[in-house]
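Lettering follows sequence order; numbering is per chain, from 1. Just so you know, these numbers use all the heavy atoms, side chains as well, and skip hydrogens, waters and symmetry mates.
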Amino acid sequence: MSSRSATGSGSLMWFRKGLRIHDNPALEYASRGSTPVYPVFVIDPHYMEPDPTAFSPGSALAGLNRIRFLLESLVDLDLSLKKLGSRLLVLKGEPSEVVIRCLKQWDVKKLCFEYDTDPYYQALDMKVKNYASSAGIEVFSPVSHTLFNPAYIIQKNGGKPPLSYQSFLKLAGQPSWASSPLSVSLSSLPPVGDTGSCEISEVPTVRELGYEDYEQDELTPFRGGESEALKRLKESISNKEWVANFEKPKGDPSAYVKPATTVLSPYLKFGCLSSRYFYQCLIDVYKNVKKHTAPPVSLVGQLLWRDFFYTAAFGTPNFDQMKGNKICKQIPWNNDDELLAAWREARTGFPWIDAIMVQLRKWGWMHHLARHCVACFLTRGDLFIHWEKGRDVFERLLIDSDWAINNGNWLWLSCSSFFYQYHRIYSPISFGKKYDPNGNYIRHFLPILKDMPKEYIYEPWTAPLSIQKKSKCIIGIDYPKPVVSHDSASKECKRKLAEAYALNQKLNGQVSEDDLKTLRRKLEGDENQESGSKRQRQNPSDLS
DNA sequence: CCAGTGTTGAGCTG
DNA sequence: CAGCTCAACACTGG
């Protein structure tokens, strides 16, 4: 039935991530010696079409900011393909069904797509590969999203992913392509062939997908696409001093006019920018300066972190959950939908935390340390809510949300894996203050507090009523009172984590659901003896 | 068993 | 603003 495909002469280039022309081995292979070449992107309605029941504008899986970023990336890709004599063929439906239908109908002997380690693509690609091999179609699926092949690192380490950065560095060494030129430009592409009865469309607009118009200030200032990525890369590396001296923890999380980092993460996520090309550009800069920073804090160090998390995620079953995840501490997190909603909707009453959550919603991006602050606050620092809940919110709202990196960082921040110093808690009051004593960041993202004097802006509930009136912001009416007292909540969290760690150690990590239930009851019992945190929450003793 | 280490804590001192 | 103390975790390598 499908034998017609096997006799074809063309190739199908399936874009998913890797939305770029430069350093794209799958595209290069597809175009080599094949005519025609069908460049395809499949719009999965589940990912793209509006879900009115979601907590923010967007689909069931993605917030509108990321959907828009993706569409912009596709428009840019289509434009670049057109310049090379081709175009992007946009199809709609369940991706494996659509691709298999195309393979059946078109003149294809090669199917090319970038290898993807995410579980979603592992399952999807299996279906498509199975069909292709049964139909005699060659499949070319190179690793080009990361610097290294995660499977190779895991194999080198005896079947397990390295779980510390230093051991990862040792195993990884220098990338094999470090000093060989990458293919960064194509002069032309073979024409697109007859698409038969398959329904092809242009890249849709958000409006065509069914989204209303949104206020401009509700949307991310970052535009998607390879062109934008390369422009941003060029700007970032043009300042050689800055590149050479880059040290991650030293950036200012409250900088928003000019962010303290490159903001290339969304472009790396969608593959608008090749991490390998970025790496080579950085090495080039290093060669031309006397002295430069090194991993883990340098810019190259950041790319290696990305590979570190990709490798850990690929080699760890159930990486995105606590249960059944061997590297994840089993912790009796609280279930509190009210507190979760307060965090998600930027009404915890801590301006530093809430401003960050507003930036997340509006921009789909915040500084790395800002992410740390809100993640710590939600989980081990204050609210003791499950990291999976926070992960879901980030996964939806971030324009750079990346399965491996997002889950890895939530494991890290909640002290569930990789990092265990749970007594180091970010203060929702003083951490931001040391970077931005005037509270400009808060004033920008929480304009209700714009007239609050700087003495009170990080703790507005301590402002005398006269000051609150003068600032046109009454705490408890115009802006919420804090949902917890940080001092007592963080102490409670530390106590709970100490107990949970002890249990994990005692049971050698084999903590059952019943064990957790028992511990939860014990912790609640202790709490009630100490006069009860529920009452404390409504009327914290140290908040006037 | 022990010392050293770990991308990014807070608060204080000089 | 660097450096120290505080309190203190897991993991690594010898």
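- As the counterpart of B:dT7, no nucleotide is assigned, since no Watson-Crick or G-U wobble pattern has both distances under 3.5 Å.
- With B:dT8, C:dA10, B:dT7 as the choices, the nucleotide that has an atom nearest any side-chain atom of A:P249 turns out to be B:dT8.
- Shown are A:W410, A:Y165, A:F309; of these, the ring-ring contact (aromatic ring centres under 6.0 Å, His included) with A:F418 is made only by A:F309.
- Contact annotation for A:F418: no contact, since no heavy-atom pair falls under 4.0 Å across all strands.
- Both tests pass for A:K329 against the ring of A:Y501: distance under 6.0 Å to the centre and angle within 45° of the axis.
- Closest contact between the side chain of A:K170 and the listed nucleotides C:dG13, B:dA10, B:dT7 involves C:dG13.
- Counting only heavy atoms from C-beta on, A:Y422 has its side chain closest to C:dC9 among C:dC9, B:dT7, B:dG9.
- In terms of phosphate contacts, A:S430 brings a side-chain nitrogen or oxygen within less than 4.0 Å of OP1 or OP2 of B:dG11.
- Base pairing annotation: C:dA8 forms no Watson-Crick or G-U wobble pair, as no partner gives both donor-acceptor distances under 3.5 Å.
- Judged by distance alone with a 3.5 Å cut-off, a donor-acceptor contact links the side chain of A:Q421 to the base of B:dG6.
- The nucleotide whose nearest atom lies closest to any side-chain atom of A:L369 is, among B:dA10, B:dT8, B:dT7, B:dT8.
- Remark: P of B:dT7 and NE2 of A:H367 are 17 Å apart, rounded to the nearest angstrom.
- Between the CZ atom of A:R424 and the P atom of C:dA10 there is a distance of 14 Å, given to the nearest Å.
- Rounded to whole Å, atom P of B:dT8 lies 9 Å from atom NE2 of A:H368.
- Taking side-chain N and O atoms only, A:K434 has a distance below 4.0 Å to OP1 or OP2 of B:dA10.
- Between A:L411 atom CG and C:dA10 atom P there is a gap of 17 Å when expressed in whole angstrom units.
- Rounded to an integer number of Å, the gap from CG of A:D487 to P of B:dG9 is 18 Å.
- A:K496 forms a cation-pi arrangement with A:F384, by the criterion of a distance under 6.0 Å to the ring centre and an angle within 45° of the ring axis.
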### Steps toward salt bridge (Lys or Arg N to Asp or Glu O under 4.0 Å) verdict (A:D402, A:K269)
CA-CA 6 Å; A:D402 182 303; A:K269 179 245 153 71; 5.8 Å; no
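- For the C1' atoms, the distance from C:dA8 to B:dG6 is 13 Å, rounded to whole Å.
- Between the C1' atom of B:dT5 and the CG atom of A:L163 lies a distance of 16 Å, rounded to the nearest Å.
- In this structure, A:D252 atom CG and B:dT8 atom C1' are separated by 13 Å, rounded to whole Å.
- Going from atom CD of A:Q330 over to atom P of C:dA10 covers 15 Å, rounded to whole Å.
- A salt bridge links A:K323 with A:E513: the distance from a Lys NZ or Arg NE/NH1/NH2 to an Asp or Glu carboxylate oxygen falls below 4.0 Å.
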